[in-house]
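The structure under discussion appears below in the form of structure tokens.
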Amino acid sequence: MKKKLSKQRVGKVIEILENHYGDEGCGLDFRTPYELLVATILSAQCTDVRVNVVTDELFKDYNTPQKMLTLSQQKLQEHIRSCGLSKTKSKNILATSRLLLQVFDGEVPKTMEELTELPGVGRKTANVVMSNAFGADAIAVDTHVFRVSKRIGLATGNNVLQVEKELMEMLPKSYWSKAHHWIIWHGRRLCKARNPECPECPLKEICLYKDKTVAEI
DNA sequence: AACTCGGGGCA
DNA sequence: TGCCCAGAGTT
């Protein structure tokens, strides 16, 4: 039996998150489509803070497919070492850059189908590019968004597709991008997968998950 | 659905 | 030391 979601409640949750976080934690949405694509590939199993440190340096000289391909895989691997999984990621970034030049005329494609064809680009990365770079009607659901949305009562689904659909239904489109950031930031800072800091949480009065000390989601 | 990739931050 | 991290690909 699914719990019913109320738009009124959702509005309250978003209002609280906005007042609490505002412009904090505006991670990966300020780059060009290519930079955003590369940064998001790098973000797998790695915190946004580390991705930003690495890409701030990397993109000074290598912010297009052409420039990226002047790097050997070995050299790129050294640049992105601290993001982890650097062997796979460097290989995928170079293969993707090659495909962009050979198949997509040097541009980042604008459909989910084409994006997910690129090596190292899965549903989540494609979604981030579609929504953040091209303003498409999409909300990227990662582990934080999935967990936090369910805890604070923005979604009830049991997979990312359901949660994505619910969030798009429950949130005004003008808030999709901002809400996405707030939810992720909240998941990093307080609503952590394990040992969430509920006493510090601005949502503790209305959260469905309050007072839990062990993660169940 | 479960497993692997992986270096660095933090307890 | 051991655990964890804005996922993707393979089996």
Side-chain angles (χ1 to χ4, degrees), chain A residues 17 21 23-31 33-59 73-97 99 109 112-133 136 138-152 154-155 157-164 167 176-197 213-215 217:
Chain A
L17 287 179
Y21 292 118
D23 292 329
E24 271 188 279
C26 52
L28 302 172
D29 64 343
F30 56 92
R31 307 174 191 278
Y34 179 72
E35 290 182 340
L36 182 62
L37 179 63
V38 173
T40 311
I41 290 175
L42 287 176
S43 72
Q45 293 301 99
C46 165
T47 62
D48 59 330
V49 177
R50 228 174 297 160
V51 171
N52 282 329
V53 169
V54 167
T55 53
D56 280 350
E57 192 61 32
L58 180 66
F59 291 157
Q73 185 180 330
Q74 185 65 36
K75 276 291 183 187
L76 178 55
Q77 201 170 322
E78 289 169 20
H79 273 98
I80 67 176
R81 178 168 29 87
S82 68
C83 290
L85 306 176
S86 58
K87 189 174 178 182
T88 309
K89 288 175 181 175
S90 58
K91 188 174 150 193
N92 285 337
I93 288 169
L94 291 177
T96 285
S97 299
L99 270 180
M112 290 294 290
E113 290 73 22
E114 291 170 318
L115 281 166
T116 49
E117 288 293 313
L118 300 169
V121 179
R123 180 175 181 80
K124 188 260 176 178
T125 300
N127 221 332
V128 167
V129 172
M130 288 297 290
S131 56
N132 289 8
I139 296 179
V141 175
D142 53 49
T143 53
H144 288 313
V145 174
F146 186 79
R147 178 186 71 255
V148 174
S149 297
K150 293 184 67 163
R151 285 184 182 173
I152 67 182
L154 298 182
N158 290 316
N159 61 58
V160 293
L161 284 176
Q162 288 175 23
V163 170
E164 190 182 316
L167 289 177
W176 286 2
S177 173
K178 286 183 284 187
H180 180 255
H181 284 308
W182 294 329
I183 293 169
I184 289 178
W185 195 243
H186 187 56
R188 281 286 297 158
R189 305 307 292 256
L190 297 176
C191 200
K192 299 177 289 188
R194 286 156 200 76
N195 301 320
E197 300 185 27
T213 53
V214 178
I217 298 173

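All chains are named by letter (A, B, ...) in the order of the sequence lines, taking the proteins before the strands, and each is independently numbered beginning at 1. All values reported here derive from a predicted model rather than from experimental measurement.
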Any base atoms under 4.0 Å from [X], or only sugar-phosphate, or nothing? Heavy atoms, all strands.
{"X": "A:Gly122", "result": "sugar-phosphate"}
{"X": "A:Arg50", "result": "base"}
{"X": "A:Val145", "result": "nothing"}
{"X": "A:Lys89", "result": "nothing"}

Residues two or more places apart in sequence or in another chain: which of them pass side-chain contact (heavy atoms from CB on, under 4.5 Å) with A:Ser82?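 Applying side-chain contact (heavy atoms from CB on, under 4.5 Å) to A:Ser82 gives A:Arg50, A:Val54.
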
When rounded to the nearest Å, what value does the distance between [atom1] atoms of [N] and [M] take?
{"N": "B:dG6", "M": "C:dT1", "atom1": "P", "result": "22 Å"}
{"N": "B:dC3", "M": "C:dC4", "atom1": "P", "result": "15 Å"}
{"N": "C:dG9", "M": "B:dG8", "atom1": "C1'", "result": "24 Å"}

Could you tell me the separation between the CE atom of A:Met130 and the OG1 atom of A:Thr116, rounded to the nearest 0.5 Å?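 The CE atom of A:Met130 sits 10.0 Å away from the OG1 atom of A:Thr116.
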
side-chain N/O A:Thr143 vs C:dG7 OP1/OP2, d < 4.0 Å: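 Result: yes.
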
Using OP1 and OP2 only, check whether a side-chain N or O of A:Arg188 sits under 4.0 Å from C:dA6.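 So the side chain of A:Arg188 is within the cut-off, an N or O lying under 4.0 Å from OP1 or OP2 of C:dA6.
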
Using atom [atom1] of [X] as one end and atom [atom2] of [N] as the other, report the distance to the nearest whole Å.
{"X": "A:Phe146", "N": "C:dC5", "atom1": "CZ", "atom2": "C1'", "result": "18 Å"}
{"X": "A:His186", "N": "C:dA6", "atom1": "NE2", "atom2": "P", "result": "14 Å"}
{"X": "A:Leu85", "N": "C:dC5", "atom1": "CG", "atom2": "C1'", "result": "10 Å"}
{"X": "A:Asn52", "N": "C:dC5", "atom1": "CG", "atom2": "C1'", "result": "14 Å"}
{"X": "A:Asp142", "N": "C:dA6", "atom1": "CG", "atom2": "C1'", "result": "5 Å"}
{"X": "A:Asn159", "N": "C:dG7", "atom1": "CG", "atom2": "C1'", "result": "16 Å"}
{"X": "A:Arg189", "N": "C:dA6", "atom1": "CZ", "atom2": "P", "result": "12 Å"}
{"X": "A:Arg194", "N": "C:dG2", "atom1": "CZ", "atom2": "P", "result": "17 Å"}

Is it the case that the side chain of [X] and the backbone of [Y] share a donor-acceptor pair, with hydrogens and angles ignored and the cut-off at 3.5 Å?
{"X": "A:Lys89", "Y": "A:Ala44", "result": "yes"}
{"X": "A:His180", "Y": "A:Ala140", "result": "yes"}
{"X": "A:Ser90", "Y": "A:Lys87", "result": "yes"}
{"X": "A:Thr96", "Y": "A:Ile93", "result": "no"}

Using chain A heavy atoms and a threshold of under 4.0 Å, write down where along DNA chain B the contacts begin and end, 5' to 3'.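 Both ends considered, the range comes out as B:dC5 to B:dG8.
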
Option among A:Thr40, A:Asn132, A:Thr55 that satisfies the side-chain hydrogen bond (donor to acceptor under 3.5 Å, both in side chains) test with A:Arg31: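 Only one option passes, and that is A:Thr55.
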
Need to verify one output field. Residue with the more 5' nearest nucleotide on DNA chain C, A:Thr47 or A:Gly120?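 Mapping each residue to its closest nucleotide by heavy atoms, the 5'-most match is A:Thr47.
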
Polar contact flag, side-chain donor to acceptor under 3.5 angstrom, A:His144-A:Arg147: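 Looking only at side-chain atoms, A:Arg147 and A:His144 do form a donor-acceptor pair, the distance falling under 3.5 Å.
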
